[in-house]
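See structure below.
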Amino acid sequence: MINRERLYAYFMEICAIDSEPKSERLLADRLKEDLTALGFMVNEDDTGEKIGGNAGNLIARLDGTAPDQPLLFSCHMDRVAPGVGVKPRVEGDFIVSDGTTVLGADDAAGLAAIIEGMKVLREKNLSHPPLEIVFTVAEELALLGSSHLDSSQITSRCGFILDAGGPVGEIVIQAPEQAKINAVFHGRSAHAGFAPEEGISAIQMAALAITRMKLLRIDPETTANIGSIQATGPTNIICDRCQLQAEARSLDSAKLRAQVEGMVKALESAAAEMGGTVEIEVQSCYPSYRLDQGAEPARRAAEAARQVNLPVRFKATGGGSDANHFNNRGIPTVVLSCGYEKVHTTGERIALDQLASLAEWVVAIISGE
Ligand SMILES: [Zn+2]
């Protein structure tokens, strides 16, 4: 049903358009033009101004030809660095970059599959429900773009985000909540040789705090990690400042809260016992979600996948995506695997067959064909 050559060419064309986070302007303009040509009404929100970027989220609508509930499809327009000057090419069964940049299949694979799906609907005159498309900015910056999306503009209660690794056919129905902790220990400097009694080592406070934390795999749903610890100075001075950055994730909000509280307590008790102080900042990055396999988008995605002979598998992910915000705002949304591999590296690639399957899946979800 889909036109493979057209899909591959379009995918490579949009990979070649520069679109690092907060610099999505060129790609947003191109997608706006293409969606408009496909009959969509396209709006751009003011997220660009709010986050200091040069483009906002695109929200596009197409009236239905069948009286069914509206469906939402979404992807992000940005890609991680190095993502400027991408030169995609076909190598055997894959599309790859030239090795100096990422390919940007994350998330151009989703963008291209959605656009191809819309082209097929139009040229084959397939009946479809009302459709909404949201292309977000700055997803790679901890979901910044979708966190500013005005979701009151969206009427769908059944969403599909094309933005996960793994073979096409896999459906993400669970993702964790994440929190970040930034802590700065303040001790007291003193000469390490002449008057160590007068000093309070910020480095020792941090070390004590870390030994008191539960870290890495906490339970099947919860993880925690120290990402960085920074303190520098000469050996003859007791170091009075040490900064520590950590994160925790859980599929369960209560477990995340408990984990973060435990880490905060460890930081505070270490500082108090050693006579120093600690400033702690806890930032909640995004909420978790959990859908069951019978939820509308999960059921619909699975049924469509079977129709086009894709192996269906439901899974949980350890990372966040725009679906965390959509679900939290009352739009039940699953994430579809796109078949891309080694994302966020210059070895990123996608198999031609996987890209084609993704576009077929989109058509099947919408039209049942
Ligand atoms: Zn992505």
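Whatever order the structure lists ligands and atoms in, that order sets their numbers, starting from 1.
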For this session: Sort by chain and number the protein N/O/S atoms found under 2.8 Å from the Zn ion (ligand 1).
Result: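 Atoms qualifying: H76 NE2, D106 OD1, D163 OD1.
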
Exercise. Which residues pass the salt bridge (Lys or Arg N to Asp or Glu O under 4.0 Å) test with E221, sequence neighbours left out?
Worked result: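 Result, salt bridge (Lys or Arg N to Asp or Glu O under 4.0 Å) vs E221: K255, R290.
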
Exercise. Can you name the closest pair of heavy atoms from L111 and L27 and give their distance?
Worked result: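 For L111 versus L27, the nearest heavy atoms are CD1-CD2, 4.1 Å.
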
Exercise. What pairs with A175 under side-chain contact (heavy atoms from CB on, under 4.5 Å), at least two apart in sequence or on another chain?
Worked result: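 Once residues adjacent in sequence are excluded, the partners of A175 under the side-chain contact (heavy atoms from CB on, under 4.5 Å) criterion are Y289, T317, N324.
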
Problem set entry | side chain to side chain donor-acceptor pair (under 3.5 Å) contacts touching residues 229-242 (sequence neighbours left out) |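 Residue pairs with at least one partner in residues 229-242: there are none.
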
Problem set entry | Test: E348 and K342 ion pair at under 4.0 Å |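 Salt bridge flag = no for K342 with E348.
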
Exercise. Would you call R349 and D106 a salt bridge, using N to O less than 4.0 angstrom?
Worked result: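 No, this pair does not count.
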
